[in-house]
S.K.: 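Quick one: structure below, then a few questions.
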Number of protein chains: 2
Amino acid sequence: MKLNLEDIARLAGVSRATASRVINHHPNVSAGTRKKVLEVIEANHYQPNLAARMLVTQRTQILGIVIQFPEAIFVSEYVPVLLRGINTVTNEHDYATLMWWERPGVEKERFLGRILQQKQLMDGIIISVTAISSPLIDSMLEAQIPFVMLERPTRHLDEISYVTVDNRHGARLAVEHLIQTGCSRIAHLTGTLDNIDGQDRLAGYREVLEKHGLQVDPALIVEANFSRRSGYFAMKELLARGVDFDAVFAGNDNSAEGALQAMKEASISVPDEVALVGFDDVPTAQDLDPQLTTIRQPIVERGMRATALLLDMIAGKVEKPQHIVLPTQLVIRRSTGVLRAEERSEE
Amino acid sequence: MKLNLEDIARLAGVSRATASRVINHHPNVSAGTRKKVLEVIEANHYQPNLAARMLVTQRTQILGIVIQFPEAIFVSEYVPVLLRGINTVTNEHDYATLMWWERPGVEKERFLGRILQQKQLMDGIIISVTAISSPLIDSMLEAQIPFVMLERPTRHLDEISYVTVDNRHGARLAVEHLIQTGCSRIAHLTGTLDNIDGQDRLAGYREVLEKHGLQVDPALIVEANFSRRSGYFAMKELLARGVDFDAVFAGNDNSAEGALQAMKEASISVPDEVALVGFDDVPTAQDLDPQLTTIRQPIVERGMRATALLLDMIAGKVEKPQHIVLPTQLVIRRSTGVLRAEERSEE
DNA sequence: AGCGCTCCCGGGAGCGCTCCCAAAAAAACC
DNA sequence: GGTTTTTTTGGGAGCGCTCCCGGGAGCGCT
């Protein structure tokens, strides 16, 4: 009962080739026949068979998204916002997205095997990994499948395209801001440290302290992993250490939120006693009490640019790997005490 | 350079048909030729072309997952845990998953159109919607595509398969427990109320109160939406109302967490002054301080069962729509004050 | 030896589409 | 009006696979 292109062509009184042209928006079809064919298609709710099309075009119109995040980070706001960015572009280009979500450490080989096995289904892949060195990357390179990373890789830099943000610069902005507001004992709750974003933010933090002749006190650095809970416990740990501090630069907004909660429980006032800066500027950063000063990274754009780049690569429009670094910017809110309530900047 | 089945057959000295039999584990192939063919496949890293296979078998080996959640709920732990359950089964059966995530209210028609357009790519679909009435359901029924819902639908009950949990019973357990521990002014922070799960939990709450001759006080019911933030603000709202209460039954663990935070800020002790019960038993329920008494629903199993059912439907093993309701169970922890620390039950 | 039966195997059709190429029609030009 | 150019159309091959069907080899039995 399902009609195929042949049927449509017959009903419209044209050849299969012409009907195909209409469907694929080829220019050389007269207005009359085009209209005729479209009517028949419409009347019969015809939809071209995608498998057949894939077979001959060697294109699937599907993009893979590989996310190697632990659940704790998967549930952070970063992921859905990123997905939103990716989807914006895929939707525009009629691409579907095949999602691969791997919890690190869980059946690693099988995961990779499965991706490799189904790689034909995807015209290209967007990869976001927390762990810096992943066998995935090597496999992708070997498999010759177009892919774009969302983090700066540590190896094969000149063979891999990626879209990232200027984490180091952002971290510098954060710490500079804290210093300018008069803080001198600045703690850092790190991000995931086998993740390049986390490393870069830590590096930026160190850099600014050194530049200002402040010593980098290991007692002020607590390792966390970008999750809210880790921020909470890192802050508890920091408090337990009994060291003196007047500001906290958290690895991201999530961990900042956790840290804030821990400070509230310890009756420490933000920003009066301790200034707090996050990173990312996820939507909820503005909803915290106090509103969170943070480093904005264009998450949506990060996803969009990566996707657009990937599509260009698939289309053969990109000759050599592209490295895109999006800017970060300081967004000042209440948690660093600079603004009085009436001065709060609007979005 | 890419080999096809023809090449493999030639290299192994057999016909294409025989090579195909080997690949598809057909029985009638002699051990010798099977071995031969497998060797050639192995040596050349041959992978069958999925598009061609799809074209002839009419199967894609892809499952669609449609999630209609706002971002706030998407980031709750429920989603990744559910996905984990689904993936467990799809992985076992070599199915890939195409994910469609819709933020309610955002370009609804286009979303539906896209799914319909690509429905051929999916052998079946798993649907989880917050909004009770969704045009999606009607479209799916009309499109004759096998699907399983993760919530009990309100219409077409006898045409739709679903896997849900006994929300109402769970809610009853929660409130009964609170009453047994001596609470009488029990507040409820509802779940999303245009969601059937949320409705059922509210209904269970009402039912138990009435059964015990306690009046259902509207002042004790605050609408929330399953997100942590909504729980936080709902609790603030409840406190602002100035009504007396000695227990809170939250729509889920996330909102319970938010409520807990609000109570901490208001210096209300849980469980000493107010007992708190959640719903879901997500992993972090045990990490809260105090650990959260909650109603456990088998989230992973919910995903697994739905997926398994869907695969059975696709295989034609299911003649009429199935309705699966998984049990819920009370998990008592510190937040209802029943257990002293040394009595805490282990998992 | 002859018969029937099972077990293996190969030939060939066909899934539904795109795209090349050549032919036909239309348009443009002198 | 004839010729060249451009535009529009159709025929046919081919993408890589599965599966039906029929033929042949091998085996056991009378």
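Just so you know, these numbers come straight off a predicted model, no measurement behind them. Below, read A as the first sequence line, B as the second, and so on, with proteins coming before strands; counting in each chain starts at 1.
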S.K.: Specify the separation, in whole Å, of atom CG of A:L5 and atom C1' of D:dG11.
M.R.: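 Rounded to the whole Å, the gap is 14 Å.
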S.K.: I'd like to check the ring pair (Phe, Tyr, Trp, His ring centres under 6.0 Å) partners of B:W101; sequence neighbours left out, ordered by chain and number.
M.R.: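 Testing B:W101 for ring pair (Phe, Tyr, Trp, His ring centres under 6.0 Å), a comparison that skips the adjacent residues, returns B:F74.
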S.K.: Out of B:R305, B:Q297, B:R302, B:R152, which one pairs with B:T164 under the side-chain hydrogen bond (donor to acceptor under 3.5 Å, both in side chains) rule?
M.R.: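 Of the listed options, the one satisfying the test is B:R302.
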S.K.: Tell me which residues in residues 23-30 of chain A put a heavy atom below 4.0 Å from DNA chain D, sorted by number, or none.
M.R.: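 Under 4.0 Å from DNA chain D: A:N28, A:V29, A:S30.
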S.K.: For A:P48 and for B:V14, locate the closest nucleotide of DNA chain C by heavy-atom distance; then report the residue assigned to the nucleotide nearer the 5' terminus.
M.R.: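 It is B:V14, whose closest nucleotide lies nearer the 5' terminus.
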S.K.: Tell me, which pairs form a ring-ring contact (aromatic ring centres under 6.0 Å, His included) where one or both residues lie in residues 305-326 of chain B, sequence neighbours left out?
M.R.: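 Sorted pair list: B:Y162-B:H323.
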S.K.: Which donor-acceptor pairs under 3.5 Å do side chains of residues 45-56 of chain B form with protein atoms, sequence neighbours excluded?
M.R.:
{"from": "B:N49", "atom 1": "OD1", "to": "B:A51", "atom 2": "N", "distance (Å)": "2.8"}
{"from": "B:N49", "atom 1": "OD1", "to": "B:A52", "atom 2": "N", "distance (Å)": "2.8"}

S.K.: Quick one: does any side-chain atom of B:D123 pair with a main-chain N or O of B:L63 as donor and acceptor, under 3.5 Å?
M.R.: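 Checking the backbone N and O of B:L63 against the side chain of B:D123, no donor-acceptor pair under 3.5 Å is found.
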S.K.: Looking only at atom types and distance, does a side-chain atom of B:N24 sit under 3.5 Å from a main-chain N or O of B:H26, one as donor and one as acceptor?
M.R.: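 No: the side chain of B:N24 does not pair with the backbone of B:H26.
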S.K.: Which dot-bracket notation, 5' to 3', represents the base pairing of DNA chain D when pairs are defined as Watson-Crick or G-U with both distances under 3.5 Å, crossing pairs as [ ], and inter-strand pairs as |?
M.R.: ||||||||||||||||||||||||||||||
S.K.: Does the side chain of A:T18 get closer than 4.0 angstrom to OP1 or OP2 of D:dG10 through an N or O atom?
M.R.: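 The answer is yes; a side-chain N or O of A:T18 sits under 4.0 Å from OP1 or OP2.
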S.K.: For the pair A:E39 and A:K35, find out whether any cationic side-chain nitrogen is under 4.0 Å from an anionic carboxylate oxygen.
M.R.: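 Salt bridge: yes.
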S.K.: Does anything in residues 49-60 of chain A come within less than 4.0 Å of DNA chain C? Heavy atoms only, and list the residues if so.
M.R.: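 Only A:N49, A:A52, A:R53, A:L55, A:V56, A:T57 qualify.
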S.K.: Any donor-acceptor pair under 3.5 Å linking the side-chain atoms of A:R21 with those of A:N28?
M.R.: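 A:N28 vs A:R21: no donor-acceptor pair found between side chains.
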S.K.: Test of understanding: with side-chain contact (heavy atoms from CB on, under 4.5 Å), list the residues that count as partners of B:R84, not counting sequence neighbours.
M.R.: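 Expected list: A:E71, A:R103, B:V81, B:V300.
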S.K.: Once side-chain contact (heavy atoms from CB on, under 4.5 Å) is applied, do any residues pair with B:A43, and if so which ones, sequence neighbours excluded?
M.R.: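 Testing B:A43 for side-chain contact (heavy atoms from CB on, under 4.5 Å), a comparison that skips the adjacent residues, returns none.
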S.K.: By salt bridge (charged side-chain N to carboxylate O under 4.0 Å, His left out), which residues pair with A:K320, not counting sequence neighbours?
M.R.: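 A:K320: no salt bridge (charged side-chain N to carboxylate O under 4.0 Å, His left out) contacts found.
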S.K.: Can you name the residues that form a side-chain contact (heavy atoms from CB on, under 4.5 Å) with B:S30, not counting sequence neighbours?
M.R.: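 Once residues adjacent in sequence are excluded, the partners of B:S30 under the side-chain contact (heavy atoms from CB on, under 4.5 Å) criterion are B:T33.
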S.K.: Chain B on DNA chain C: first and last contacting nucleotide, 5' to 3', under 4.0 Å to a heavy atom?
M.R.: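 Range of nucleotides touched by chain B: C:dC8 to C:dG16.
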S.K.: Would you please name every residue forming a side-chain contact (heavy atoms from CB on, under 4.5 Å) with B:D158, sequence neighbours left out?
M.R.: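 Testing B:D158 for side-chain contact (heavy atoms from CB on, under 4.5 Å), a comparison that skips the adjacent residues, returns none.
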